[in-house]
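First the structure, in the form of structure tokens, and then the observations on it.
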Amino acid sequence: MFTTCCPQESTVPKSQVRKKKVYTPPSDIRPAVTAASKKPSPVWLPALAVILIVVGIAWLVIYYLSSQQWPVESWRYWNLAVGFGCMVASLGILSRWR
């Protein structure tokens, strides 16, 4: 029933394996890393970031729960900018944390 279609089979030669060179970055382009840039962050930096996050959230919660009368009624929707601004500032500070 089944017949072979190709009575002549040829073998394919194996390709050669090429060795890749190990990459070494040029020494004249590398940025100089100073010891001052590797210093750990001061203790007040993460503490300030946490305080700003808590103040921002508290500002927004007070603004919404007081029906837009507190913390500063005359600022109206700028109270939202203050709350979110505190939280964004804390993210900026946390980007400096080592």
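L91 and I93 fall into different hydrophobic clusters, where Ile, Leu, Val, Met, Phe, Trp and Tyr residues are linked whenever their side-chain heavy atoms come under 4.5 Å apart, directly or through other members. Following chains of ILVMFWY side-chain contacts shorter than 4.5 Å, one cannot reach L80 starting from V88, and the two form parts of different hydrophobic clusters. Side-chain heavy atoms closer than 4.5 Å link hydrophobic residues (I, L, V, M, F, W, Y) into clusters, and following such links, even through other members, never connects V82 to M87.
Remark: side-chain polar atoms of Y63 are not paired, donor with acceptor, to backbone N or O of G83 under 3.5 angstrom.
Interatomic distance, T11 OG1 to K14 NZ, rounded to the nearest 0.5 Å: 13.5 Å.
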All N/O donor-acceptor pairs, side-chain side in residues 42-62, below 3.5 Å, sequence neighbours left out:
residue: W59; atom: NE1; partner: N79; partner atom: O; Å: 3.2
residue: W59; atom: NE1; partner: N79; partner atom: OD1; Å: 3.2

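Annotation for K39 and R98: closest pair O-CD, 3.2 Å, computed over non-hydrogen atoms.
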